[in-house]
Amino acid sequence: MPNLRIPEKSIKEVAKNFYRVILPMPSRLEQVNVIVFAHEDGVTLFDTGFNLKDSFLMLEDSLKAIGRSVCDVDHVFITHYHADHCGMAGRIKEKSGAVIHMSEAGRQILQRIENEELLDDERRRFYLEQGIGEEKVDVMASVIQRFRRAIFPFEVDEYLNCDRKYSIGGTSFEVLPTPGHSRDHVCFFFRKEGILLSGDHVLQAITPNLAPDIFCPGFRSLRSFLDSLSVIREIPIAMILPAHGAPFSNLRDRVDEMIKHHEDRKNRILRSAEKFSRTAFEISVDIFGEDLSDFDLFLALNETYVHLVELVHEGIISKSWNGKWILYNVR
Ligand SMILES: [Zn+2]
């Protein structure tokens, strides 16, 4: 595990009663935010951070710095099933009895990934067909397993409801479905305050990675992501509190940049596929190179794949099967 860079000041008020707690995580992103809403009756958390010993202590210390404690947490709302977002929910609930809210889709995904063998078999077949070698698939499977084990087991108490208004501490928020980065992703929108808790949907410095959903082959990550971006683009937002990085405010510009980024990437992938009939992995190496960590190689393949899915949908690219791999050809 790499050395974790623990930020010095890990809690900061970013808007009235809203605090950003920065917690460590063992990956390139290094940090994840937990958004704390402190109100008269208790403390509500939006996402929880990765389940590391240090994270839990840091969360406790951070809450103490504002005169609260993990025991005061009344509700935990989760944006999506990734370990850096829901990893500590179970631990927090154990300590405080907090009610955990997550989407039904997120709960279903977690249930499926608990069945490790099924996951590994299906994932293995899927990736081998995309042209990546057996050895790299093994490395990828072990990384995924490590992330999965970093989730403290928990039961969801209430499924998120996108049709209702949630009231806490004298204010209210809505749940906006924003599938893309993951199928279950949601954002939390405090309309009166103009604050969007964007999870991984919109980040300022990086574009969130997109991946196929192995158990839901009909799910088009890129299409869903772009549609979700268009929806939130029109919402009146004063401040975005993302799950990674600092708060920011220029939502429309950022959304437009991200849409343009994917448009450019799709064109690059198309140009690569034009050269000759190739696997998704060959196209991915052509674009992102091969001199990447095993995990980045896998992220690059995912990114390439989700763009190819859209090019196939648009009828620009066709797929063929050579008995071992899926090949992509420009029509
Ligand atoms: Zn995520």
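Start at 1 and go down the list; that is how both ligands and their atoms are numbered.
- Expressed to the nearest 10°, the angle at the Zn ion (ligand 1) joining NE2 in His80 with NE2 in His181 is 100°.
- Under the ring-ring contact (aromatic ring centres under 6.0 Å, His included) criterion, Phe188 pairs with Phe46, Phe77, Phe173, not counting sequence neighbours.
- Salt-bridge formation is not detected for the pair Glu129/Lys319: no Lys NZ or Arg NE/NH1/NH2 atom is positioned less than 4.0 Å from an Asp or Glu carboxylate oxygen.
- Sorting the N, O or S atoms of His82 by how far they are from the Zn ion (ligand 1) puts ND1 first.
- Electrostatic pairing of Glu303 and Arg265 counts as a salt bridge here, judged by a charged N lying under 4.0 Å from a carboxylate O.
- For the Zn ion (ligand 1), the set of nearby N, O or S atoms under 2.8 Å includes one belonging to Asp200.
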Fill in: Met25 and Gln31: CA distance, side-chain angles, deciding distance, side-chain contact (heavy atoms from CB on, under 4.5 Å) verdict
CA-CA 5 Å; Met25 61 180 281; Gln31 296 178 348; 5.7 Å; no

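- Distances from the Zn ion (ligand 1) show that His185 has no N/O/S atom below 2.8 Å.
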